[in-house]
Protein chains: 2
Amino acid sequence: MTRLRLVLVDDHAMFRAGVRAELGDDFDIVGEAANVDEAIRVIRETTPDVVLLDVHLPGGDARAVLEGCLSDVPATRFLALSVSDAPDDVVATVRGGARGYVTKAISGPELREAIQRTADGDAVFSPRLAGFVLDAFAGGAAEHDEEIDRLTPREREVMRLIARGYTYREVATELVLSIKTVETHVSAVLRKLQLSNRRELAQWASDRKLI
Amino acid sequence: MTRLRLVLVDDHAMFRAGVRAELGDDFDIVGEAANVDEAIRVIRETTPDVVLLDVHLPGGDARAVLEGCLSDVPATRFLALSVSDAPDDVVATVRGGARGYVTKAISGPELREAIQRTADGDAVFSPRLAGFVLDAFAGGAAEHDEEIDRLTPREREVMRLIARGYTYREVATELVLSIKTVETHVSAVLRKLQLSNRRELAQWASDRKLI
DNA sequence: GGGCGAATGGGGGACTTTCCCTGATGTGGT
DNA sequence: ACCACATCAGGGAAAGTCCCCCATTCGCCC
């Protein structure tokens, strides 16, 4: 059987050298690229079986590469390989068309297997990351965070300050209110969001990048 | 002349393989580590000439490694080698005792030269990064924050968590202490820094980018 | 050996903060 | 008139913060 043909896309020459050293004997590395434009060109020219694709690249990200050549090389499978295990990165890259996503903490043998499975049509994910993708597909689309819509403008304003660690007294001073009014708003926010204290609120706001 | 003895500290086996493949002929790689504790142990055991040190590690960061063994191996030089080019990371790592800081975008020959120069006592920086360090020293070096030197290691540890908003109870759980001990440390920190409550402490720590 | 700093904790107290409850008033929109 | 919203009050339970006091242990240095 002929060796699988690979393209490596990563802006770190050192990392590409590592992959070559670990995998060069088992796969045919037909091309390398260090940025988005180069990657698109090389992939089109070589139509490899699998592309190892770093998520963060000079001149764009993995999605830019996927958009630029996915439709031109239908037989090529893309395996994202990144230092980032951020849910946003994972979900965005998979939405863009990657067939798998593993972190660079992976070992040589594991990567070898991941590439083989990707070429076979499997979806390969580092254990912790599979959950993010499933979550995103399961819950993500419909709701649009109805919860925050139930807060009044004033409540949102108070909520933001509370989430930053202000005390009720400080919020009252900042917004020129009485402490009691702040208490009322905070209670309403906690009740509406079904949270039980300010720390959870800070977490909630941080998750939604509201601070 | 005998080859320089290296230790590689990086949580990505793949990256270490890349460095080995690129440098293994020119340097004597006497040890490798993938996390903070392992790194400290290996460095103490091998007392290499140069340590290639990733900034972001499981169980801590490069500073933890530097704190853990800098005084034990006075002849060893540390060269930070990271994907991050964030000013905070650079400055923090250099403050911690690293003698240089280059990004992983570096090429094999450049890394070879950087290691040689580090061993010779030079300070090696990627071009864009040198500026950050110089800025940091220009903008307030004279004082060297005598205040924080007056804190004991344990006090600093407690202080960091308090500054992040942890309650005494949570700090106690995290560090496996009694609440009373946490209170004692916090009181000492507030007294030494002449602050009056945890919010001022959070502000103080944030100003100094200790969180 | 004696002193000293560091780390660990216990008791207790004063005070603030948080969160919830039950109210009230006024305003603007439909 | 009704309702959502914003404003404020009194009261109280619970938690957390910060300050005293104190003791023990350990290791280090003179």
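Note that the structure is a prediction, hence the values are computed from the model and not measured. Chain letters run A, B, ... following the sequence lines, proteins first and then strands; every chain starts at 1.
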Polar pair under 3.5 Å, donor/acceptor by atom type, side chain B:K180, base C:dG12: yes
Is there a donor-acceptor contact under 3.5 Å from the side chain of B:R198 to the main chain of B:V186? no
Using a heavy-atom cut-off of 4.0 Å across all strands, would you classify B:I179 as base, sugar-phosphate, or nothing? nothing
Under a 4.0 Å threshold between the charged nitrogen and the carboxylate oxygen, would A:E174 count as salt-bridged to A:R164? no
Of the options D:dG11, C:dC19, D:dC18, whose atoms approach the side-chain atoms of B:R198 most closely? D:dC18
Is the shortest side-chain N to carboxylate O distance from B:R41 to B:E38 below 4.0 Å? no
N or O in side chain of A:T181 less than 4.0 angstrom from D:dT7 OP1/OP2: no
Verdict with supporting geometry, B:F15 and B:L81, side-chain contact (heavy atoms from CB on, under 4.5 Å): CA-CA 11 Å; B:F15 187 83; B:L81 183 63; 3.7 Å; yes
May I ask you to verify if any side-chain N or O of A:R154 is less than 4.0 angstrom from the OP1 or OP2 atom of D:dC5? no
Would you tell me if any nitrogen or oxygen in the side chain of B:R169 comes within less than 4.0 Å of OP1 or OP2 on D:dA15? no
From CG of A:L195 over to P of C:dT18, roughly how many Å is that when rounded to an integer? 16 Å
Under 4.0 angstrom between A:H185 side-chain N/O and D:dA6 OP1 or OP2: no
Atom CZ of A:R199 to atom P of D:dA14: distance rounded to whole Å? 22 Å
Give a yes or no on whether a donor-acceptor pair under 3.5 Å exists between the nucleobase atoms of D:dC5, that is its base, and the side chain of A:E155. no
For C:dC19, does OP1 or OP2 lie under 4.0 Å from any side-chain N or O of A:Y168? yes
